[in-house]
Amino acid sequence: MRVLPSHPCMDDRRTHGRFRRSDEVMASAVAVDARAATRGDILPSTANGTTVYPRFMTRAEGPFVWDVDGNRFTDFLLGYGPVVLGHAQPDVMAAAVAQLSTGNCIAPLWSPRQVELAHLLTETLPGAESALLLKTGSDATSAAIRLARAFTGRDLVLRCGYHGWHDWAVEQPGGVVSAVRAHTVPFPYGDLAALEALLVEHGDRTACVMMMPFELEPVPDGYLAAVRALTSDHGALFVLDEVRSGFRLALGGAQQHFGVTADLTAWSKAMGNGFAISAVTGREDVMHALRMTKISSTFFANPVDMAASLTTIRMLRDTDAIERLWRRGSAMMTGLDELSRSYGIPTTLLGYPPMPFMRFDIPDPALRSRVESTFYRATTEGGLLLHPEHQWFLSAAHAASDIDRALDVCDAAFAGSRSIYEDPSR
């Protein structure tokens, strides 16, 4: 068994008041912040009334974040994926600060950075003949749907995966008109027969097939190419949501990695190393359907995020950053698999090294919940920021020593979980 070394966040606060300041801020937040009051915490923060996850952060640098109580965590969430080079990466920050010093909100004028970034995207990304710059992932996926409908003159969207919070895609139905939801039909990932049946059923109503290239499960051999062919056979557009996978799985995302090209693609997250920027790229004729509609915001023209994105993409292109994501992620996945086997706790490592996840394969849901809770409470006490229900992410700032340290913490977490797994009555 690995010997767990000391860590900046592992002191006597872990058993009493370790998140005292975080609890105080949360108590204040619920009085005025609608998200805090209605949605609670993104992470499952409490167990038996005791806070077990951090809630509010004050600083981030490299692969680390610090919470309001001064606890340091090695971050494997990275803003849900955008921070591909590491928090506050000096070159990216320098580019953004230099641009900010010249002013930022310039609409209705444009910045030369917009043209420079559009050229870089069309030179870099598969199938990118034209680019439209936006701010968020939901902006990009929704703009892609609008363009697909405008270009084809059709109204139905077949979709698979998570695409954001806008009406056509949001998972929760509250506040969404039923007629809007009726024009978006989900299909199961990996099931070509089900998708073909929907395409046949809806005939010439289908504007596009919109999908994430993968979520947690690996891509079945030939699956994306088969979806591409099916979509084209039925006169619909193939739209890929590469908000998570773009600039991370490869510079050109899943399309480059798997050798498939979409008609339209939504990009964001790792595109700006944490700065708010997104884009839709694709066939020029489809992109120019923009003349039939309007997709606009005052803040789409802000050049600071563009400067950060230009630096980020060039660093991903010109350095071994993406290779490091694969190398560090592979080491983490291999180490976790070996640990779970050695402790006899069944798990499956999912996804790809730059964005992995570990699933506990325990049939009894109550026992699985207890084992997971014990494991993730221990990893948090050990100074890791891992999400029990969302895929994780690697950054180029994670060193080999950070992965070794994470596996040491996970070793101790598996050890603590084994007793519950072997004797559920405890």
Take Glu123 and Ile313 through the test side-chain contact (heavy atoms from CB on, under 4.5 Å) and record every step on the way to the result.
CA-CA 11 Å; Glu123 293 162 4; Ile313 295 171; over 6 Å; no
With a 4.5 Å cut-off on side-chain heavy atoms, are Arg55 and Asp23 touching?
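Yes, at least one pair of side-chain atoms sits under 4.5 Å.
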Residue pair Phe375 / Ile345, side-chain heavy-atom distance below 4.5 Å:
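Counting from C-beta outward, Phe375 and Ile345 never come under 4.5 Å.
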Does atom CG (Asp221) have a neighbourhood of more than 12 heavy atoms from anything else shown, all under 6.0 Å?
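Count not over threshold, so no.
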State whether the number of non-hydrogen atoms from other residues, nucleotides or ligands found under 6.0 Å of Arg181 atom CZ is greater than 12.
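Yes, CZ of Arg181 has more than 12 neighbouring heavy atoms, counting only those of other groups under 6.0 Å.
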Going through the checks in order, is the salt bridge (Lys or Arg N to Asp or Glu O under 4.0 Å) test met by Arg368 and Asp361?
CA-CA 8 Å; Arg368 181 173 65 250; Asp361 293 326; over 6 Å; no
Take the angle between the ring planes of [X] and [Y] and call it parallel below 30°, perpendicular above 60°, tilted in between.
X: Phe73; Y: Phe19; value: parallel
X: Phe414; Y: Tyr343; value: parallel
X: Trp168; Y: His163; value: parallel
X: His387; Y: Tyr80; value: tilted

Show the numbers, then the answer: is there a side-chain contact (heavy atoms from CB on, under 4.5 Å) between Trp267 and Leu121?
CA-CA 10 Å; Trp267 312 87; Leu121 294 174; over 6 Å; no
Quickly, which of Leu198, Thr184, Val185 forms a side-chain contact (heavy atoms from CB on, under 4.5 Å) with Leu156? Name it, please.
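Answer to the side-chain contact (heavy atoms from CB on, under 4.5 Å) test with Leu156 among Leu198, Thr184, Val185: Val185.
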Ring centroid separation for Tyr189 and Tyr223, is it under 6.0 angstrom?
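Yes, close enough.
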Tell me, with the steps shown, if Leu132 and Met287 meet side-chain contact (heavy atoms from CB on, under 4.5 Å).
CA-CA 8 Å; Leu132 175 65; Met287 293 292 297; 3.8 Å; yes
Side chains of Arg146 and Ser142: any donor to acceptor distance under 3.5 Å?
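Checked: Ser142/Arg146 side chains show no N/O donor-acceptor pair below 3.5 Å.
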Do Glu242 and Ser245 get their side chains close enough for a donor-acceptor pair, meaning under 3.5 Å?
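Their side chains do contain a donor-acceptor pair, which is all the 3.5 Å distance test asks for.
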For Leu407 and Leu336: C-alpha separation, side-chain torsions, deciding distance, then whether side-chain contact (heavy atoms from CB on, under 4.5 Å) applies.
CA-CA 7 Å; Leu407 291 173; Leu336 287 170; 4.0 Å; yes
How close do Thr298 and Ala107 get, heavy atom to heavy atom, and via which atoms?
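Reported closest heavy-atom pair: O-CB, 3.4 Å.
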